[in-house]
Undergrad: 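Got a structure for you, questions after.
Numbers restart at 1 for each chain; the letters A, B, ... are given by sequence-line order, proteins then strands.
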Amino acid sequence: MLDLKFVRSNPEAVREGMRKKRVEVPLDELLELDEKRRSELFEVEQLKNERNQNSKEVAERKKAGLDASDLIERTRQISKEIKERDEEIARLDQRIQEILLAIPNIPDASVPEGDDDQDNVEVSKWGEPTQFDFEPLAHWDLGVNLDILDFERAVKISKSRFVVDKGLGARLERALINFMLDLHTSEHGYTEVFPPVLVNGDSMTGTGQLPKFAEDMFKCEGYDLYLAPTAEVPVTNLHRDEILDPDQLPIYYCAYTPCFRAEAGAAGRDTRGLIRVHQFNKVELVKFVRPETSFDELEKLVADAEKVLQLLELPYRKVLICTGDMGFSNAKQYDLEVWMPSYGRYVEISSCSNFTDYQARRANIRFRPEPGAKPEFVHTLNGSGLAVGRTAAAVIENYQQADGTIRVPKVLQKYMGTDVIKLDRQGQLIGI
RNA sequence: GGAGGGGUGGCUGAGUGGUCGAAAGCGCUCGCCUCGAAAGCGAGUAGGUGGGUAGUCCCCGCCUCGUGGGUUCGAAUCCCACCCUCUCCGCCA
C-alpha cells in the first residue's frame with residue numbers, strides 16, 4: 001500500500017497516479033477520515049495521559065497510606081470515555097485501511113500512459129515469427145494427436161480448463177521446470193525455494209491479492225487458506241514482518257510451484273489448450289533489494305527471464321506495459337510475449353514487475369541501512385521465469401514438423417532423453 | 001485428536017498487580033587505552049504512532065511483552081477465546 005503520510009502530503013501526486021492507472025479511489029474521503037482520526041487520536045491520548053498520571057498518583061497515595069477513592073472514581077469515568085473514543089478511532093482506522101488497501105501503486109514516471117494493451121510499447125524483439133512450409137497445427141491438436149495432452153479426461157476428473165500431461169508431455173513439463181531452475185540457480189544467482197502453495201489471508205494481503213481480488217482465486221472451505229495464484233505470494237511473504245540485515249541484500253529467490261487461478265472474468269476466452277487453465281506450473285523469480293537499485297534490478301530480472309526463451313530458441317518480444325494495463329501493485333512492468341503460431345500473434349509468457357515499496361509496506365518487510373539506523377522498507381520485484389504450461393505450448397507449436405512430430409529444443413534434449421516427440425507405428429510414444 | 005509445559009527486545013533469559021518498554025548476560029555502535037589489535041574500562045543500543053516543527057536531528061505524549069477480548073484507578077503479571085511451539089500418547093504419507 002501507499003504510505004498514508006505520503007498520501008497526506010502529496011494528494012495530487014496520488015490523484016495523478018490513479019488517473020494514469022485508470023482507477024477511481026475515494027481519496028477525498030480518505031484525507032477527511034485521516035484528518036478526523038488524528039484529531040480524535042490527539043484528544044484520546046490526552047485522556048490516556050491523564051489516566052496514567054492518576055494511576056501513578058493512586059499508587060503513591062496508597063503507599064503513603066492516604067485515601068485515593070475520589071481519584072479512583074474520577075479516573076473510572078475517564079477510562080470509560082477512553083474506551084468509547086477508542087472504539088470510534090478503531091472504526092475510522094478500519095475504514096482508512098480499507099481505502100488504503102484498495103489504492104494501487106503509483107506508476108513510475110518511465111511508464112507510458114495508456115488505457116489498455118493497445119497502448120503497450122514494444123521495446124525489443126528477438127527472432128522472427130516461425131515460418132512453416134505446411135499448415136501448422138495448434139498445440140491442443142498436436143498434443144492430443146501425440147497423446148501427450150489429454151483435455152477430455154481432465155474435465156472428467158476436475159472440470160474444464162484443466163489438463164493431464166502424459167508420457168513425453170509430462171516429461172516435457174518436468175524438463176522445462178528443471179531446465180529453468182537449473183539456469184536461474186547456477187547462472188543467474190537465485191536461491192531455489194520450494195514453498196507451500198496453500199497460503200493464508202495475511203500472505204495474500206501482503207502481496208496485494210487480497211482484499212480486492214478475492215474472486216480470482218480458490219479458497220479452502222473452512223480454512224483461512226487459499227491456493228496460491230503464483231509463487232510470488234509465498235516467496236515474497238517469506239520475509240514478512242522481518243527486518244533484514246543489509247548485508248543480505250539483494251536477495252534472489254526462484255521457485256517452482258503449481259499456480260491456481262479461478263479465471264472468473266475470462267469466460268469464453270482462450271477456451272482451448274494450455275493458455276488459460278485453472279492449474280499451471282510456473283518458475284517464479286523474486287527479489288528483495290535496496291530501494292535505489294530496484295529499477296536496475298528489474299532490467300536484470302527481465303534479462304534473466306529472456307534468457308530462458310533465447311536458450312529455447314523461441315521467438316519473443318519484450319513489451320513495456322502502459323499505466324492502464326499494468327498490475328495493481330506494480331510501479332513498472334514488462335511482459336515477455338512468445339510467438340504462438342495458433343494465435344498468429346505474440347502471447348504473454350512472463351510478467352516482470354517492480355513493486356517498489358508497495359508490497360514491502362503491506363507485508364512489513366524492512367532492512368536497516370546502517371547499524372542503529374531506522375529500518376526502511378525494501379523494494380520487491382518478481383517475474384515469471386517462465387510460465388511452464390505456456391512455454392510447453394510454445395515449444396510444441398514452434399517446433400512442430402510436417403509429419404506431426406515435434407523436435408526437442410537443444411537445451412531440453414538431455415532432460416527429455418530424446419530429440420523428437422513422435423508416435424511409433426503402433427501408436428506408442430517412442431524415444432523415451 | 002488427547003494430556004501437560006511454554007510464547008518477553010537482534011539472541012539467551014529474569015520479571016506473578018503499580019516506580020517495568022522491561023534486570024542480567026551475549027551481540028552490535030561509539031569513546032578511552034594501544035604503534036595497531038585483543039583484553040579491560042565507560043557510554044549507547046526495540047518497533048510503531050500523534051503532536052511540538054517544513055523536516056529522517058531533537059523534545060513531549062500514546063500504543064506494543066504471541067493475537068483478540070475481559071477484570072481493575074492501574075495488566076508482561078489475573079480471567080476467557082484463538083494462534084503458534086515443545087514433550088508424551090494416539091493416528092498417519
Side-chain angles (χ1 to χ4, degrees), chain A residues 1-13 30-97 100-101 194 196-206 220 222-226 234 237-249 251 290-292 357 360-379:
Chain A
M1 64 185 131
L2 300 181
D3 181 5
L4 182 54
K5 277 184 251 177
F6 174 83
V7 178
R8 186 186 298 151
S9 44
N10 304 277
E12 289 320 308
L30 177 68
L31 294 169
E32 229 169 87
L33 289 167
D34 173 52
E35 186 69 38
K36 190 167 179 208
R37 188 193 76 102
R38 279 182 298 143
S39 72
E40 295 264 339
L41 194 60
F42 183 75
E43 287 173 21
V44 79
E45 282 183 359
Q46 285 186 321
L47 287 173
K48 285 180 179 176
N49 183 238
E50 192 180 345
R51 179 197 62 194
N52 293 346
Q53 296 303 323
N54 287 359
S55 290
K56 265 181 206 161
E57 200 185 327
V58 169
E60 278 164 24
R61 283 202 207 172
K62 287 200 166 177
K63 205 170 168 186
L66 299 169
D67 177 62
S69 51
D70 60 322
L71 196 54
I72 287 173
E73 182 51 39
R74 230 180 328 129
T75 308
R76 196 199 310 268
Q77 293 308 318
I78 293 172
S79 288
K80 214 177 133 193
E81 192 180 341
I82 287 172
K83 198 179 166 186
E84 285 163 10
R85 304 189 65 153
D86 267 346
E87 280 166 10
E88 169 64 16
I89 290 170
R91 275 193 292 276
L92 290 169
D93 265 335
Q94 202 183 348
R95 179 63 187 143
I96 287 169
Q97 283 304 309
L100 220 42
L101 286 172
F194 192 49
V197 292
L198 242 45
V199 298
N200 60 32
D202 284 344
S203 295
M204 284 292 218
T205 304
C220 298
Y223 295 88
D224 176 34
L225 288 172
Y226 301 80
N237 279 282
L238 230 37
H239 293 299
R240 175 152 48 87
D241 294 322
E242 291 185 16
I243 298 175
L244 300 167
D245 186 331
D247 300 340
Q248 289 176 266
L249 300 176
I251 296 172
R290 284 178 170 264
E292 63 274 16
D357 60 358
R361 184 171 291 104
R362 287 172 85 112
N364 194 28
I365 307 167
R366 295 173 292 175
F367 76 108
R368 205 181 293 281
E370 304 292 334
K374 283 280 176 199
E376 280 180 39
F377 291 111
V378 299
H379 281 193

Undergrad: Just to be sure I understand the rule, does Ser55(A) reach a base, reach only the sugar-phosphate, or reach nothing, if contact means heavy atoms closer than 4.0 Å?
TA: base
Undergrad: Tell me the interatomic distance from Asp241(A), atom CG, to rC84(B), atom C1', rounded to whole angstroms.
TA: 14 Å
Undergrad: Taking only side-chain nitrogens and oxygens of Arg366(A), does any of them come within less than 4.0 Å of OP1 or OP2 of rG48(B)?
TA: yes
Undergrad: Looking at residues at least two apart in the chain, or sitting in another chain, which of them share a side-chain hydrogen bond (donor to acceptor under 3.5 Å, both in side chains) with Asp86(A)?
TA: Lys48(A)
Undergrad: Quickly, which of Asn52(A), Asn54(A), Asp70(A) forms a side-chain hydrogen bond (donor to acceptor under 3.5 Å, both in side chains) with Thr75(A)? Name it, please.
TA: Asn54(A)
Undergrad: Of the nucleotides rU49(B), rC73(B), rU19(B), which one has an atom closest to the side chain of Leu41(A)?
TA: rU49(B)
Undergrad: What is the nucleic acid contact for Ser79(A), judged by heavy atoms within less than 4.0 Å: base, sugar-phosphate only, or nothing?
TA: sugar-phosphate
Undergrad: Can you figure out which of rC73(B), rG47(B), rC62(B) approaches the side chain of Asn52(A) most closely?
TA: rC62(B)
Undergrad: Please determine if a side-chain N or O atom of Asn49(A) lies less than 4.0 Å away from the OP1 or OP2 oxygen of rC62(B).
TA: yes
Undergrad: Give me the distance, rounded to whole Å, that separates rU49(B) from rG44(B) when you measure between the P atoms they each carry.
TA: 26 Å
Undergrad: Rounded to whole angstroms, how far apart are CZ on Arg61(A) and P on rG74(B)?
TA: 16 Å
Undergrad: Please give, in whole Å, the distance from rC73(B) C1' to Asn54(A) CG?
TA: 8 Å
Undergrad: Would you kindly give the CZ-to-C1' distance between Arg37(A) and rG51(B), to the nearest whole Å?
TA: 13 Å
Undergrad: Considering only side-chain heavy atoms of Lys374(A), which listed nucleotide, rG50(B), rG47(B), rC63(B), is closest?
TA: rG47(B)
Undergrad: Please report, rounded to the nearest Å, how far the P atom of rG48(B) is from the CZ atom of Arg368(A).
TA: 8 Å
Undergrad: What's the closest nucleotide to the side chain of Glu45(A) if the choices are rG61(B), rU49(B), rC63(B)?
TA: rG61(B)
Undergrad: Select base, sugar-phosphate, or nothing to describe what Arg8(A) touches, counting heavy atoms under 4.0 Å on all strands.
TA: sugar-phosphate
Undergrad: In which stems does RNA chain B show up, taking only runs of three or more Watson-Crick or G-U wobble pairs whose two distances fall under 3.5 Å?
TA: B:1-7 with B:83-89, B:10-12 with B:24-26, B:27-32 with B:40-45, B:46-52 with B:58-64, B:66-70 with B:78-82
Undergrad: Expressed as a whole number of angstroms, how long is the span from Glu242(A):CD to rG10(B):P?
TA: 12 Å
Undergrad: Checking contacts here: which listed nucleotide (rU49(B), rG47(B), rG18(B)) is nearest the side-chain heavy atoms of Ala59(A)?
TA: rG18(B)
Undergrad: Determine the Euclidean distance between corresponding P atoms of rC65(B) and rA43(B); express it in Å to zero decimal places.
TA: 30 Å
Undergrad: Would you kindly give the CD-to-P distance between Gln248(A) and rG10(B), to the nearest whole Å?
TA: 14 Å
Undergrad: Between C1' on rG68(B) and NZ on Lys83(A), what's the gap in Å once rounded to a whole number?
TA: 13 Å
Undergrad: Look only at the side chain of Arg366(A) and the backbone of Ile243(A), and say whether a donor-acceptor pair between them is shorter than 3.5 Å.
TA: no
Undergrad: Using atom P in both nucleotides, what's the gap between rU72(B) and rC79(B) to the nearest angstrom?
TA: 16 Å
Undergrad: Heavy atoms under 4.0 Å, any strand shown: does Asp245(A) hit a base, just sugar-phosphate, or nothing?
TA: nothing
Undergrad: Nearest of rC73(B), rG50(B), rC63(B) to any side-chain atom of Lys48(A)?
TA: rC63(B)
Undergrad: Find the distance between CG (Leu30(A)) and CD (Gln97(A)) and round it off to the nearest 0.5 Å.
TA: 9.5 Å
